[in-house]
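Just so we're on the same page: letters track the sequence lines, and every chain starts at 1.
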Number of protein chains: 2
Amino acid sequence: MSSEIRLTPTSYIVLGLTEAAGEATPYELKQVVAAGLGDFWSIQHAQLYSEPERLAAGGYLAERREKGGRRRRHYKLTATGRQALRDWLKEPTADLAELRDPGLLRLFFGAEPKPLSEAQLPVHRKKLSDYEALLAELGADAPEAIRLPLEAGIGHEREWVRFWSKIAK
Amino acid sequence: MSSEIRLTPTSYIVLGLTEAAGEATPYELKQVVAAGLGDFWSIQHAQLYSEPERLAAGGYLAERREKGGRRRRHYKLTATGRQALRDWLKEPTADLAELRDPGLLRLFFGAEPKPLSEAQLPVHRKKLSDYEALLAELGADAPEAIRLPLEAGIGHEREWVRFWSKIAK
DNA sequence: CCTATCATGTAATCCGTTACATGATTAT
DNA sequence: ATAATCATGTAACGGATTACATGATAGG
């Protein structure tokens, strides 16, 4: 069976998180997203219900549904799903992220820089210090998969703080 | 009339570009996007046809259609549209951009850092040097609305180059 | 015991992307 | 002249967001 579906970043997020968990319900996925990934790639919780369903229809996930009670759905990777994830991980993408920053967009269209900087600075500072605290807590022995994205986040938040500070002053 | 529509970032981009142009066709908008804005906030060209239509339906744009020939549609802001843009520009947003970087996402799920860095570095370096060339060309007297976003772009591209270089080495 | 919040999910809407299509220019 | 590319637009699909809804659990 397994109809053709297109795999989006969201798909790979669900595949990746599910593999890490072994088996997971949408709600568990939501927890994991909130615990870290969501900082740099957020997902609406409704998608954590619809996307696994899509992936199951495509043959990438297998669904097991509880018989009684809440009848929760549990998902795990199929061989196809595991392979798709592997292939994606192996592909050294040259795609770049776009900035898509709401504040920058306003600047571009002529907003006053000063008030913008005053709104942006505290939230960037907060995010930066959250990241730094997390990194400190994890220590130097944290796995690369966690440490590197975190360091990237820190670098970019520092850059934002620099940028808006220059304007605020 | 004018049905209720929700204004998205895309809406404000169309409003902002249209105001700057005085009057514009979708194709002209496309040109302007390609000329700069698209670097940090890209738009599919089809949206530059559908979004003005939506905005016109909402009463934010007025449409004038050529009688003969190509029957092109020309759009300009209405008073409502101009006001909406003003309000948006005045609002000192505290919303932050997310990284949403395809390479980082792969790192997070355990991809090999080295090959990724080798794919990412050249494109980031290219983008960085494009930006720097553009800034040099514009000179120090460029309007803030252009210069600041460009400087932000440069800062972040430098950060990416730093990040991936550390990994590549 | 009541209420607030967490847990868990479904449904509808709609924006954004992709695919398709054709007339006009420019290059060879 | 013909091919290629630019200019200009429409249509369809689908993923993502928003809104709605209800059962369980914990706090006061």
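- Contact annotation: A:R65 side-chain N/O to C:dT8 OP1/OP2 distance is not under 4.0 Å.
- The separation between B:I43 atom CD1 and C:dT17 atom C1' is 12 Å, rounded to whole Å.
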Trace of the side-chain contact (heavy atoms from CB on, under 4.5 Å) decision for A:L77 with A:L61: CA-CA 5 Å; A:L77 292 206; A:L61 290 181; 3.2 Å; yes
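- Aromatic ring pairs are classed by plane angle as parallel below 30°, tilted from 30° to 60° and perpendicular above 60°; the pair B:W160 and B:F163 is perpendicular.
- Rounded to an integer number of Å, the gap from CD of A:E98 to C1' of C:dT17 is 13 Å.
- Taking NE2 of B:H45 as the start and OH of B:Y27 as the end, the distance is 9.0 Å to the nearest 0.5 Å.
- There is no path of hydrophobic side-chain contacts, each under 4.5 Å, that joins A:L96 to A:F40.
- For B:R106 (side chain) and A:W88 (main-chain N/O), a donor-acceptor pair under 3.5 Å exists by modelled atom type.
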Atom pairs, N/O to N/O, protein against nucleotides 13-16 of chain C, distance under 3.5 Å?
unit_1, atom_1, unit_2, atom_2, d
C:dC15, OP1, B:R54, NH1, 2.6
C:dC15, OP2, B:R54, NH1, 3.2
C:dG16, OP1, B:T10, OG1, 3.3
C:dG16, OP2, B:T10, OG1, 3.3
C:dG16, OP2, B:Q47, NE2, 2.4
C:dG16, O5', B:Q47, NE2, 3.4

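- Contact check, A:R72 against C:dT8: a side-chain N or O comes under 4.0 Å of OP1 or OP2.
- In this structure, B:R54 contributes its side chain and B:R6 its backbone to a donor-acceptor pair below 3.5 Å.
- Rounded to whole angstrom, the span from the NE2 atom of A:H45 across to the P atom of D:dC20 amounts to 14 Å.
- With the end axes of the helix from C:dC1-D:dG28 to C:dT28-D:dA1 each set by five pairs, the angle from one to the other reads 30° at 10° resolution.
- Regarding A:Y49, its OH atom lies at a distance of 18 Å from the P atom of D:dA19, rounded to whole Å.
- A:L48 has its CG atom 15 Å from the P atom of D:dG15, to the nearest Å.
- The CD atom of B:E28 sits 7.0 Å away from the NE2 atom of B:H74 when rounded to the nearest 0.5 Å.
- Going from atom OH of A:Y75 over to atom CG of A:L55 covers 9.0 Å, rounded to the nearest 0.5 Å.
- One N or O on the side chain of B:Q120 and one on the backbone of A:D95 form a donor-acceptor pair closer than 3.5 Å.
- As a whole-Å value, the separation of B:L7 CG from D:dT18 P is 14 Å.
- Within residues 12-33 of chain B, no residue has a heavy atom under 4.0 Å from DNA chain C.
- Distance CD1/B:I13 to CG/B:L85: 11.5 Å, rounded to 0.5 Å.
- Between the CZ atom in B:R73 and the OG1 atom in B:T25 there is a gap of 11.5 Å [rounded to 0.5 Å].
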